[in-house]
Protein chains: 4
Amino acid sequence: MRRVPQQARSRAMVERIIEAARTVLVRDGYESFTTNRVADEAAVSPGSLYQYFPDKSALVTEVMDRWSAEISDRVAASLAATGPVDVKDPGTVRAIADALLTAIESDAGLLRIVWEELPAVRHRAAQHSLENRVRELLAVYLSASGVTARDPSARAWVIVMAVENVAVRWVLDQPGISREALLDELSAMAGGFGAS
Amino acid sequence: MRRVPQQARSRAMVERIIEAARTVLVRDGYESFTTNRVADEAAVSPGSLYQYFPDKSALVTEVMDRWSAEISDRVAASLAATGPVDVKDPGTVRAIADALLTAIESDAGLLRIVWEELPAVRHRAAQHSLENRVRELLAVYLSASGVTARDPSARAWVIVMAVENVAVRWVLDQPGISREALLDELSAMAGGFGAS
Amino acid sequence: MRRVPQQARSRAMVERIIEAARTVLVRDGYESFTTNRVADEAAVSPGSLYQYFPDKSALVTEVMDRWSAEISDRVAASLAATGPVDVKDPGTVRAIADALLTAIESDAGLLRIVWEELPAVRHRAAQHSLENRVRELLAVYLSASGVTARDPSARAWVIVMAVENVAVRWVLDQPGISREALLDELSAMAGGFGAS
Amino acid sequence: MRRVPQQARSRAMVERIIEAARTVLVRDGYESFTTNRVADEAAVSPGSLYQYFPDKSALVTEVMDRWSAEISDRVAASLAATGPVDVKDPGTVRAIADALLTAIESDAGLLRIVWEELPAVRHRAAQHSLENRVRELLAVYLSASGVTARDPSARAWVIVMAVENVAVRWVLDQPGISREALLDELSAMAGGFGAS
DNA sequence: CATGAATGAGTTTTCATTCAT
DNA sequence: TATGAATGAAAACTCATTCAT
């Protein structure tokens, strides 16, 4: 029998549980997300689950926190890969939207759960992390670019909401629009304000 | 004891149940939405409830169907009140967005439940009716106006999604932006495409 | 199939549950007193139990309330059977103690549970009903008789406690003392104060 | 690292555990008395606890045995301090009751748990040690004094029970009677028998 | 010996649904 | 048809106890 350091053992167990939670969430949906089912899926006893998470919602929160961290990482990675963001360039919005799409496309299953099944009230923080990420990114561009509006913060808010929600819906609803066409429209939408 | 025609009695009962369901949904949230509670609220026995609805989710579906019909009606009513929609007028988007806001503002409580608490999977049809309504309206404008795009249907889809989601989030999140400013931004967003 | 009026049906069920609770309490003790076990014993589903009692402790409370009412009734009945209580008569204490013994002897099983197993904190009211009963009865005698003390209320309290506890311990511990001898001692104890 | 003889280490561990058990019992009550909590409080692993105690109830028993030994010691100490017990002196009962009060007052917290929360069945021996102690003491006095009764052992039993229970209730219920008044009544009660 | 992670049967309670009346 | 008492499977969570290290 292999020697496994304690630390490693518990880490492995936590990982197994979180992984199982994610699986159950995506496979069965939030209404069927039971602590017992997660324990089953993780091949772990219900008691063990409660040694690492104070209650069911802590489990969900953890899954969501990880998911939002992943999104952030992926957005950052995509942007880095695209090269430096020139804040004056109207292509910026496109790059950001592109990065965002890349990030959320990678786990559409969980995206659907987060967006459509989780009771928002209970998980607002993690749920809005996407928003925050997009807001941060666009804020830089918007303030730097020549875009003007009577109420700049209103404009920023509207653009963030629009880009975020349209991107999510495109991934979830598969409306038969090409990725390129979508990006075209999104940058037109944000950039077009210039003419207003 | 007055004789009440069966048909009428049943109709009244169904109405009472649906009304109670809506009340419970808005007052207590979806997590506390139990068939027993609805029966209580309707002053009806649980057994009766099951005489008209095969299961709990049918009840929710019915509430949502009615709600989306109301939204449609209100949008139509608002537009009618504003006067005829001139399809060439860039003010059209503003009018539509205005009508949409008016419609959803009138029952923000239920809007929140529908948007943030209901498991979307089970009620996709009703939930998407808003989109369909807006899509129909904008489709007319977009096709008639000079707005051109490489992919007109993509453009329409994006605008619909953007307007709808931004409007809903504005109502639910109360982001401290005036109604007028919001409408300004929304029409700029849609209209701005012209320059693209 | 016999027609049973609703009212009668639920009454019967409540009775079955309370009876089962009492049985389980006496047979298995408080630590094994489970809602599921009570439901089993009553041949009723756990759900039914909760239709009549808000929680486990309400069940216990009900059993205890009934038990203390029974005790009261039996004490009253015994005293009535003995004939009128002459408040000046030193035999009064004996009569009261006798009545008390008769009352608690009739359900020594439950007496043991109440006295030795129930967490006092949670059921103080019902648990002290014996005390109250004894206090009331003796209060009349003590105030009317020539018994004097520097602090009459202290004397009353001491006698009540002594009679009550000694009687209970005699029933529960079966110390090999005859009923008559016990009554002799108790009245000597209370009456003897006269000489102090 | 200092070498600690095994024996000594185990003794220290046992002590720590028992001490922790007592603390938890008094601080949190019997319903919250869990082996894990005791282990925590003792800064010891649950596994270690089970190396010295076969199960939870053995732990409780040990705490109670120690407690009753302490009571005995304190009673003895109080009596010793008061001076020699003159077996003919009617003040003897007073001295004994006084000693008893002193003993149980010193740890009213644990007294309450023992008297009101612990399932008596499981710990009868320890719980009755108080009685035994008092019985022994009073037995000497009663047999030596001129007190006569038809059944002397019955009389002894009654007095022991009365003194013990009244003393305990006085400590736990705080009935607003002075210590002196209580002692007066107790000795009157026991001594008054003389007149019977 | 000591550890403490892991266990899993068991606890209280809920609620969608049924069915005899 | 309407009732509502009854159901019972299942949920979240606990805790005395074990055993590999």
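No experiment lies behind these values; they were computed from the predicted model shown. Just so it is clear: chains get the letters A, B, ... in the order the sequence lines come, proteins before strands, and each one is counted from 1. Heavy atoms only: backbone and side chains are in, while hydrogens, waters and symmetry mates are out.
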Nearest-Å distance for atom pair [atom1]/[atom2], residues [X] and [N]:
| X | N | atom1 | atom2 | answer |
| --- | --- | --- | --- | --- |
| A/Arg11 | E/dA6 | CZ | P | 13 Å |
| A/Asp40 | E/dT7 | CG | P | 12 Å |
| D/Leu59 | F/dC15 | CG | P | 16 Å |
| D/Leu49 | E/dA2 | CG | C1' | 12 Å |
| B/Asp28 | E/dC15 | CG | P | 11 Å |

To the nearest 0.5 Å, tell me how far [X] [atom1] sits from [Y] [atom2].
| X | Y | atom1 | atom2 | value |
| --- | --- | --- | --- | --- |
| D/Glu15 | D/Tyr52 | CD | OH | 11.5 Å |
| C/Ile18 | C/Leu59 | CD1 | CG | 7.5 Å |
| B/Asp40 | B/Thr35 | CG | OG1 | 10.0 Å |
| A/Ser10 | A/Arg16 | OG | CZ | 12.0 Å |

(message) Quick test of your reading of the model: are A/Glu62 and A/Arg66 salt-bridged, counting only N-O distances below 4.0 Å?
(response) yes
(request) Determine yes or no for a side-chain-to-main-chain donor-acceptor pair under 3.5 angstrom, with B/Ser68 supplying the side chain and B/Asp65 the backbone. (result) yes
(message) Using only atom types and a distance under 3.5 Å, with no angle test, would you say the side chain of A/Glu41 pairs donor to acceptor with the backbone of A/Val24?
(response) no
(message) Using C1' atoms of five pairs at each end, report the bend of the helix from E/dA2-F/dT21 to E/dT21-F/dA2 rounded to 10 degrees.
(response) 20°
(message) OP1 or OP2 of E/dT14 versus the side-chain N and O atoms of C/Tyr50: is any pair under 4.0 Å?
(response) no
(message) Below the 4.0 Å mark, does E/dA6 have OP1 or OP2 next to a side-chain nitrogen or oxygen of A/Tyr52?
(response) yes
(message) Would B/Asp107 and B/Arg22 count as a salt bridge (charged side-chain N to carboxylate O under 4.0 Å, His left out) here? Give the steps.
(response) CA-CA 11 Å; B/Asp107 196 349; B/Arg22 184 203 274 253; 2.6 Å; yes
Would you list the protein and nucleotides 8-11 of chain E atom pairs, both N or O, that sit under 3.5 Å from each other?
residue	atom	partner	partner atom	Å
E/dG8	N7	A/Ser45	OG	3.1

(request) Please examine the side chains of C/Pro119 and D/Tyr30, heavy atoms only from C-beta on, and report whether any two atoms are closer than 4.5 Å. (result) no
(request) Go through F/dA6, F/dT3, F/dT17 for me and flag the one nearest to the D/Asp55 side chain. (result) F/dT17
(request) Assess whether one donor atom and one acceptor atom, taken from the side chain of A/Gln51 and the base of E/dA5, lie less than 3.5 Å apart. (result) no
(message) On DNA chain F, does the nearest nucleotide to C/Val44 precede the nearest nucleotide to D/Pro54 from the 5' side, or the other way round? Give the residue.
(response) C/Val44
